[in-house]
Amino acid sequence: MILMKRLLTLVVFVNGFLWFLIPPVFANYEQAYQDYLFQFDSYRQKYSDFQVAKNEYQKFKTLTSQATALEKTKIMMTQRDQFLRSYLLVLNEKIHDANSGLTAITSNQYQRILGSEIGFLESHALTIFSIGSLEDAQDVSKELESHYKVLQVSIRQILIGLSLGQLAIMAKFYDALVVDAQNLVTQFSFTFTPQKQETINRWVLQIVNKRNFYQQKVDAIQQQNVHLNPGDYQDLDNQYNAMIRGMGEARQYLIEGISHLEEFRDSLKYAN
Amino acid sequence: MQINTDTNPPILPQNATPPVTEQALPSTPLSAALVPQKKWKLVWWLVPIGIIVFLAAGSMLVRTTKKVIEQRTTITPTPTSAVYVVNRELSNIATESAFLKFETDLASLTLGVRNVQIQNQQLLPPRMDLPLGFSR
């Protein structure tokens, strides 16, 4: 009975490990995200089983509880790497999205980063397979723990990059509208009174100014993102949140520029 | 017995002090009946009575004000007057195709910028507790 149980556990572990080695192919971001949610649920379940086995071993310290704790630990660690990997694959799909707003250079850079991190997790999973004791498990887990900060920095850099990409799409649209606006002014300037021309010129100036303020804010965030090097996790969160707030301010500049565009539109639309 | 019929006041010696004559108080109804100690006792009783009267008047005023406010809030709404719309004359440009396209694009951009997600909630990184916690 015990032998059957151990055999079943080994089959489950090896199966999970083999699935880890096979790279999943997703038709789109939604599929990758659904897989991530599935891996998350599986990880939570296995982590819960690991905690129960760990508590039992720490309470009773028997050989049986130790063996069970070791099995559950290995299963959990494998699933943990699988779960992290699935999250990185979600990011990968987002980077590949045609509407990501990323430049080709940035997109390639992020793909290289993700490829490196996924490679680390895959090689880490190989070491889990050879764990023979709880001490080995601690050592293997420490490899991930020591690398985790680097992984988190990379993730946040990519997230900031993706958000900047979305803003870049809006800014591009904004620029196209400014060109259209200037063309309209050029085309119909002969119909404007001097006062109206002056009003329109003032609005165009304001529209361009807001765009410049937006660009200054975005450039500052990009610089900070490229050189993201936090001291600890709290520092990482603080810097990340500061960049998020900065992007909110950049978006606000675009919104203000748009309101000026609306005033400009009304200046053209109405005779008085 | 000899009666002094001399109406003139007696002549005092040079170093004598003149006599103190008490002037009579004007007779009022209260002062004629009161001495200073009794007056203070009546004032002492008036203070708390005055405070009570003041508080009662204040609470009545507050209640009246509340009633007025409640009445005001329960007033049924009445139809408002029509909104005054400024009729602005359209310019010649307003019907041009280039301007209409500009107007449509501007509306799309407005919607797009307001809906852009600075932080995609689906992509928030998972928070994990990594150390296994086995004591050596």
Side-chain angles (χ1 to χ4, degrees), chain A residues 33 36 40 43 47 50-51 54 57-58 69 73 76-77 80 83-84 87 90-91 94 134-135 137-138 141-142 144-145 148 152 155-156 158-159 162-163 166-167 169-170 173-174 176-177 180-181 183-184 187-188 191 244 247-248 250-251 254-255 258-259 261-262 265-266 268-272, chain B residues 65 68-136:
Chain A
Y33 184 68
Y36 163 68
F40 189 21
Y43 168 70
Y47 189 81
F50 151 74
Q51 278 189 313
K54 184 182 92 170
Y57 165 65
Q58 285 178 332
T73 300
M76 183 277 291
M77 286 173 68
R80 184 168 69 181
F83 166 54
L84 282 171
Y87 173 75
V90 168
L91 285 185
K94 207 66 178 169
L134 289 175
E135 286 75 25
Q138 295 260 74
S141 181
K142 275 192 168 60
L144 177 64
E145 291 165 38
Y148 196 61
Q152 287 292 323
I155 287 171
R156 277 165 177 77
I158 291 170
L159 289 176
L162 286 170
S163 298
Q166 293 303 299
L167 282 177
I169 292 173
M170 294 297 119
F173 200 170
Y174 185 100
L177 267 180
D180 289 346
N183 287 340
L184 281 170
Q187 193 177 349
F188 296 105
T191 63
I244 293 290
M247 284 192 283
R251 184 178 68 171
L254 282 185
I255 290 173
I258 287 168
S259 75
L261 274 168
E262 287 170 348
R265 174 205 60 199
D266 290 346
L268 292 186
K269 187 172 182 176
Y270 299 106
N272 50 5
Chain B
T65 311
V68 168
I69 289 170
E70 280 168 7
Q71 280 172 1
R72 279 186 192 159
T73 56
T74 55
I75 291 172
T76 54
T78 55
T80 55
S81 57
V83 176
Y84 180 67
V85 176
V86 177
N87 284 323
R88 294 179 73 178
E89 188 188 340
L90 291 175
S91 67
N92 298 334
I93 303 167
T95 53
E96 294 286 336
S97 58
F99 177 79
L100 291 171
K101 183 183 174 301
F102 172 80
E103 208 172 16
T104 308
D105 290 345
L106 179 57
S108 298
L109 176 62
T110 306
L111 198 62
V113 167
R114 290 189 195 282
N115 291 336
V116 74
Q117 280 186 319
I118 298 296
Q119 201 172 11
N120 190 334
Q121 295 299 318
Q122 283 187 344
L123 294 182
L124 286 177
R127 293 205 174 262
M128 301 172 75
D129 193 15
L130 293 183
L132 295 181
F134 288 109
S135 51
R136 288 194 179 265

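Only this structure's heavy atoms are used, side chains among them; waters, hydrogens and symmetry mates stay out. Every chain is numbered from 1, with letters handed out A, B, ... down the list of sequences.
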Where on A/Leu177 is there a heavy atom nearer than 4.5 Å to chain B: the side chain, the backbone, both, or neither?
both
Given heavy-atom pairs under 4.5 angstrom as the criterion, report whether the side chain, backbone, both or neither of A/Tyr43 touches chain B.
side chain
Decide yes or no for A/Lys54 and B/Leu132: does some side-chain heavy atom of the first lie under 4.5 Å from some side-chain heavy atom of the second?
no
Checking heavy atoms, do the side chain of A/Ala181, its backbone, both or neither come under 4.5 Å from chain B?
both
Closest approach of A/Ser141 to B/Leu130 (non-hydrogen atoms, all atoms of both residues)
OG-O, 3.5 Å
With a 4.5 Å limit on heavy-atom distance, are the side chains of A/Phe173 and B/Ser108 in contact?
yes
Intermediate values then yes/no, side chain to side chain contact (heavy atoms under 4.5 Å, CB included), B/Phe134 and A/Thr73
CA-CA 10 Å; B/Phe134 288 109; A/Thr73 300; 3.5 Å; yes
Go through A/Gln166, A/Glu145, A/Met76 and name the one with the most non-hydrogen pairs under 4.5 angstrom from chain B.
A/Glu145
A/Ile169 portion near chain B, given a 4.5 angstrom heavy-atom threshold
neither
To check you understand the geometry: which heavy-atom pair defines the closest contact between B/Phe99 and A/Leu268, and what is its length?
CE1-CB, 3.8 Å
Part of A/Gln152 lying under 4.5 Å from any heavy atom of chain B
side chain
Could you pull out the closest heavy-atom pair between A/Tyr87 and B/Leu123, with the gap in Å?
OH-O, 2.5 Å
Starting at NZ of B/Lys101, measure out to CG of A/Leu184 and round the result to the nearest 0.5 Å.
10.0 Å
The reported gap from CG in B/Asp105 to CG in A/Leu261 (rounded to nearest 0.5 angstrom) is 11.0 Å
Start with the C-alpha distance between B/Met128 and A/Phe83, add both sets of side-chain angles, then the distance that settles side chain to side chain contact (heavy atoms under 4.5 Å, CB included), and finish with yes or no.
CA-CA 11 Å; B/Met128 301 172 75; A/Phe83 166 54; 3.8 Å; yes
Locate the shortest heavy-atom distance separating A/Thr191 from B/Ile93; write the atom from each residue and the value.
OG1-CD1, 4.0 Å
Separation between OG1 (B/Thr110) and CG (A/Leu254), nearest 0.5 Å, reads 11.0 Å
What's the verdict on side chain to side chain contact (heavy atoms under 4.5 Å, CB included) for A/Tyr270 and B/Glu89, showing C-alpha distance, side-chain angles and the deciding distance?
CA-CA 6 Å; A/Tyr270 299 106; B/Glu89 188 188 340; over 6 Å; no
Between A/Ile155 and chain B, which part of the residue has a heavy atom less than 4.5 Å away: side chain, backbone, both or neither?
side chain
Select one option (side chain, backbone, both, neither) describing which atoms of B/Asp129 are under 4.5 Å from chain A's heavy atoms.
both
Structural part of A/Gln58 lying under 4.5 Å from a heavy atom of chain B
side chain
Max heavy-atom pairs within cutoff under 4.5 Å with chain A, candidates B/Thr95, B/Asn92, B/Leu109, B/Asn120, goes to B/Leu109
Grab the two heavy atoms, one from A/Arg251 and one from B/Val116, that are nearest each other, plus how far apart they are.
NH1-O, 3.0 Å
Option in B/Gly112, B/Pro125, B/Ala107 with maximal non-hydrogen atom pairs under 4.5 Å from chain A:
B/Pro125
Contact class of A/Ile158 relative to chain B, heavy atoms under 4.5 angstrom
neither
How close do B/Ala94 and A/Lys269 get, heavy atom to heavy atom, and via which atoms?
CB-O, 3.6 Å
Atom group of A/Ala137 that falls short of 4.5 Å from chain B, counting heavy atoms
both
I want to check something: taking the side chain as every heavy atom from C-beta on, are A/Tyr36 and B/Gln122 in contact at a cut-off of under 4.5 Å?
no
